Amino acid sequence: MSRQILVTSALPYANGPIHLGHLVEYIQTDIWVRFQRLRGNRCIYVCADDAHGTPIMLKARELGITPEELIERIGREHQQDFADFLIEFDNYYSTHSEENRYYAELIYQRLRDAGHITSRTIKQAYDPVENMFLPDRYIKGDCPRCGAAEQYGDSCEVCGATYTPAELRNAVSVVSGATPVDKESEHYFFRLQDFGDMLRTWAGDGHVQGEVANKLNEWFEDGLREWDISRDSPYFGFRIPGTEDKYFYVWLDAPIGYMASFSNWCEQHGEDFDAWWRPDTDTELYHFIGKDIVYFHALFWPAMLEGAGFRKPTRICAHGFLTVNGQKMSKSRGTFIMGRTYLNHLNPEYLRYYLAAKMGSSVHDLDLSLDDFIQRVNSDLVGKLVNIASRSASFINKRFDGRLADHLEAPELYRTVTARGEQIARHYEDREFSRAIREIMALADEANQYFDERKPWVLAKDAETLERVQLICTQTLNVFRVLMTYLKPVVPRIAARAEAFLQIPEQTWSDATEPLLDHTIGRFEPLATRVARESVDAMLEESRETLAPKAETTPTGPLADNPIAEQIEIGDFGKVDLRIARISKAAQVDGADKLLQLTLDLGGETRTVFAGIRAAYEPADLEGKLTVMVANLKPRKMRFGVSEGMVLAAGPGGKDLFILEPDNGAEPGMKVK
RNA sequence: GGCUACGUAGCUCAGUUGGUUAGAGCAUCGCACUCAUAAUGCGAGGGUCGGUAGUUCGAAUCUACCCGUAGCCA
């Protein structure tokens with residue numbers, strides 16, 4: 001009976017684009033999932049955007065949009081990037097969903113009813129200007145140990161000290177610049193320590209890698225503590241049932257997002273959710289994650305599931321980080337590469353192949369060495385593997401009308417290749433992809449050696465030996481076909497092209513056992529082209545351009561005081577309706593020492609606008625002038641009347657204000673764009 | 001600072017419980033071949049296995065310390 005396997009990758013955070021570091025995980029997971037399907041197992045792969053938390057709330061605010069709009073937009077980008085890297089999810093969802101709210105509340109309530117939730121009042125840094133509690137990362141100040149400036153509230157990047165925000169000197173809120181104050185608030189906690197015995201047993205039982213188990217032991221020895229799962233308003237997330245202004249901490253509902261996404265898939269496919277999630281299920285659950293989030297997946301998550309009466313994961317597969325050219329990805333070196341930037345220049349399957357060729361089951365970091373990448377992809381994929389088909393097909397196409405022979409020239413070679421299949425499958429299963437690839441390429445070497453020994457190009461010159469050429473090429477094409485099937489989880493598109501060229505249906509792993517004989521194949525077209533160094537260079541260049549700090553020279557003047565704001569989309573600009581207006585009347589406002597009341601003619605429509613430019617302009621000097629106004633600004637009630645828009649002016653303020661005037665020819669009412 | 005990994009040929013990596021002259025791929029050099037996307041085959045050079053000190057008949061492998069890199073410390 002085939003296995004039923006539910007697989008997840010960690011949920012990418014919905015505040016920024018996917019970069020190559022993310023892709024290590026999705027590619028690793030996708031290869032494993034495709035392998036399982038190829039073997040005939042039922043394998044469901046779900047993921048979602050992680051859409052909650054303070055960073056998303058603030059990012060949306062910064063962009064002037066709602067968090068919902070932000071996560072919708074980022075979610076779309078993420079899905080497009082994944083699709084283009086051939087990541088084949090069964091479902092991609094969002095933690096900001098009704099299913100996720102349902103399961104978050106359900107798990108919380110079950111944990112609470114079983115006595116695993118407590119609450120107490122804690123003191124926390126609070127921004128008195130923004131009226132919000134500040135996560136450690138949103139407080140900056142001087143390190144209490146080494147004095148380094150601009151350090152975050154939890155640790156010093158210069159000397160490595162860890163501390164609490166309260167210990168930071170000259171602390172300021174990153175959000176408002178205000179000095180944080182301590183404020184009390186009631187928080188809810190999950191009693192992780194209730195699950196200590198269960199977790200020790202579980203972790204020692206092969207559900208995590210050895211290195212991870214070591215790390216867990218360290219935590220066990222330190223003693224498990226309760227986990228703060230609530231955050232105060234304002235917060236973008238789910239409100240905790242039974243409270244007015246408490247929200248689930250984003251890390252509480254993020255892993256529950258796996259369930260939510262799967263539940264959503266179940267609804268679409270008439271599948272029974274509980275059959276997969278009840279404690280005694282015989283389905284499997286695999287979570288692929290980065291080593292940085294082991295804590296959440298190997299401690300909190302199994303404890304939450306256990307406490308709420310659900311099954312626990314079969315296996316947590318943690319991987320290391322990606323380095324580029326041996327170093328941390330760096331924006332200034334151009335090695336902080338977004339998935340999209342890569343796709344603009346290079347074929348996604350090459351990254352899949354290269355990473356697979358170096359990826360094992362350990363938590364070691366993985367290096368993308370770009371020189372090695374070019375050489376490896378070109379020599380393995382093109383020079384070795386595709387070359388087998390290329391050099392054989394030319395004979396079959398030209399001399400035998402595309403027809404394969406009815407038997408093999410060297411059945412023992414074919415058997416060698418198929419006999420290796422189970423070993424290769426074991427490597428895939430164990431997520432030892434680099435070993436699988438090494439085996440496959442060693443077999444490709446054998447096929448090329450075989451071809452060289454038989455010298456079909458010599459045999460083809462003599463009519464008497466011509467028949468053997470067909471046998472030899474039939475032999476190598478059969479090896480090629482099997483190797484391509486073995487490689488299908490890694491390079492699905494090249495494999496599909498190979499199937500089209502051989503004119504065979506979609507192959508599964510077991511199709512390898514029978515050779516393809518007495519069969520007509522199609523014309524050979526290059527299945528993969530070489531990586532050009534220029535493409536890699538262009539990718540680095542684009543990464544540098546889009547991400548490196550723009551100017552070398554420090555800006556002076558207005559730019560220094562008021563740096564250019566974050567980039568916006570053209571659509572964002574389009575929302576602002578700017579119009580030419582004639583100032584038909586300007587008057588002082590009684591009781592206001594900064595304002596002038598302007599009557600603006602928009603060409604048929606007049607508007608009253610209060611502008612803070614009294615110190616800079618005499619009313620008489622303004623009358624008759626053309627200027628630019630924001631025409632669709634929501635009217636705002638002021639003490640002296642309603643202001644129906646605003647006029648544009650430059651300058652720091654006071655006497656130094658300069659209103660905008662259009663060039664000659666502009667007329668009231670014209671749109672500025 | 002504590003802890004956990006890691007440091008093996010120019011590059012990227014294997015080296016299972018310590019055991020014969022330390023391996024692979026790529027790169028380099030020589031030769032062969034010309035069917036193939038200048039692809040392929042055969043052969044060669046290249047390493048005091050981060051350093052030091054130990055345990056042992058024997059250490060890349062075990063121990064201690066040091067140096068370097070990465071990560072974790074809720």
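All chains are named by letter (A, B, ...) in the order of the sequence lines, taking the proteins before the strands, and each is independently numbered beginning at 1. These figures come from a predicted structure and were not determined experimentally.
Checked against side-chain contact (heavy atoms from CB on, under 4.5 Å), A:Tyr247 has the following partners two or more places apart in sequence or in another chain: A:Ser233, A:Tyr235, A:Arg239. When the side-chain contact (heavy atoms from CB on, under 4.5 Å) test is applied to A:Ala436, the partners found at least two apart in sequence or on another chain are A:Ile424, A:His427, A:Tyr428. With sequence neighbours excluded, the residues forming a side-chain contact (heavy atoms from CB on, under 4.5 Å) with A:Val479 are A:Leu413, A:Val417, A:Ala447, A:Gln475, A:Leu483, listed by chain and number. Every residue meeting the side-chain contact (heavy atoms from CB on, under 4.5 Å) condition with A:Asp537, not counting sequence neighbours, appears here in chain and number order: A:Arg533. Residues satisfying the side chain to side chain donor-acceptor pair (under 3.5 Å) criterion with A:Asn378, sequence neighbours excluded, are absent altogether. In terms of the salt bridge (charged side-chain N to carboxylate O under 4.0 Å, His left out) criterion, A:Glu349 has no residue partners (sequence neighbours excluded). Not counting sequence neighbours, the partners of A:Asp228 by the salt bridge (charged side-chain N to carboxylate O under 4.0 Å, His left out) test are A:Arg231.
In the set B:rA70, B:rA36, B:rG41, the nucleotide with an atom closest to the side chain of A:Asp365 is B:rA70. In the set B:rC13, B:rA36, B:rG41, the nucleotide with an atom closest to the side chain of A:Asn448 is B:rG41.
Taking the ring axis of A:Phe189 as reference, the NZ or CZ atom of A:Arg120 stays within 45° of it and closer than 6.0 Å to the ring centre.
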Taking only distance into account, with no hydrogens and no angle test, what donor-acceptor pairs under 3.5 Å do side-chain atoms of residues 195-209 of chain A form with protein atoms, sequence neighbours excluded?
from	atom 1	to	atom 2	distance (Å)
A:Arg200	NH2	A:Phe220	O	3.4
A:Thr201	OG1	A:Asp197	O	2.8
A:His207	ND1	A:Trp202	O	2.9
A:Gln209	OE1	A:Ala318	N	3.0
A:Gln209	NE2	A:Ala318	O	2.7
A:Gln209	NE2	A:Ser361	O	2.8

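Contacts of A:Arg435 with the nucleic acid, taken as non-hydrogen atoms under 4.0 Å apart, involve only primed sugar atoms and P, OP1 or OP2. Among the atoms of the strands shown, base atoms are found under 4.0 Å from some heavy atom of A:Ala528. As judged by a 4.0 angstrom heavy-atom cut-off over every strand, A:Gly223 is placed among the base-contacting residues. Within the nucleic acid shown, A:Leu527 comes within 4.0 Å of at least one base atom, counting heavy atoms only. Nucleic acid contact class of A:Trp251 (heavy atoms, under 4.0 Å, all strands): none.
B:rG1 sits 48 Å from B:rG45 when the C1' atoms are compared, rounded to a whole Å.
To the nearest angstrom, P of B:rC3 lies 18 Å from CG of A:Leu216. With rounding to whole Å, A:Met329 atom CE is found 14 Å from B:rA70 atom P. The nearest whole Å value for the distance from the NE2 atom in A:His427 to the C1' atom in B:rA14 is 11 Å. Rounding to whole angstrom units, CZ of residue A:Phe480 and P of B:rU40 are separated by 15 Å. Distance A:Asn397 CG to B:rA36 P: 12 Å, rounded to the nearest Å.
Under the 30°/60° scheme for interplanar angles, the aromatic rings of A:Trp227 and A:Phe300 are found to lie parallel. Using cut-offs of 30° and 60° for the angle between ring planes, the A:Tyr258 and A:His297 rings count as tilted.
Against RNA chain B, the stretch residues 368-387 of chain A makes heavy-atom approaches under 4.0 Å through A:Ser369, A:Asp372, A:Gln375, A:Ser379, A:Val382, A:Gly383, A:Lys384, A:Val386, A:Asn387.
Between A:Arg438 and B:rG15, a side-chain N or O to OP1/OP2 separation shorter than 4.0 Å is absent.
Where A:Pro526 and A:Asn325 meet RNA chain B, the nucleotide closest to each residue was compared, and A:Asn325 sits on the side nearer the 5' end.
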Show me the protein contacts with nucleotides 29-34 of chain B, counting only N or O atoms at under 3.5 Å.
from	atom 1	to	atom 2	distance (Å)
B:rC33	O2'	A:Trp457	NE1	3.4

Under 3.5 Å between N/O atoms: give me all the protein pairs with nucleotides 4-6 of chain B, atom names plus distance.
from	atom 1	to	atom 2	distance (Å)
B:rA5	OP1	A:Asn214	ND2	3.4

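Residues A:Phe288 and A:His319 place their aromatic rings such that the two centres sit no closer than 6.0 Å. Aromatic pair A:Phe85/A:His22: ring centres not closer than 6.0 Å.
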Stepwise ring-ring contact (aromatic ring centres under 6.0 Å, His included) check, A:Tyr108 with A:Phe248: CA-CA 9 Å; A:Tyr108 168 76; A:Phe248 287 126; 5.3 Å; yes
Dot-bracket encoding of pairs in RNA chain B, which uses [ ] for pseudoknotted crossings and | for another strand, Watson-Crick or G-U under 3.5 angstrom: (((((((..((((.....[...)))).(((((.......))))).....(((((..]....)))))))))))).
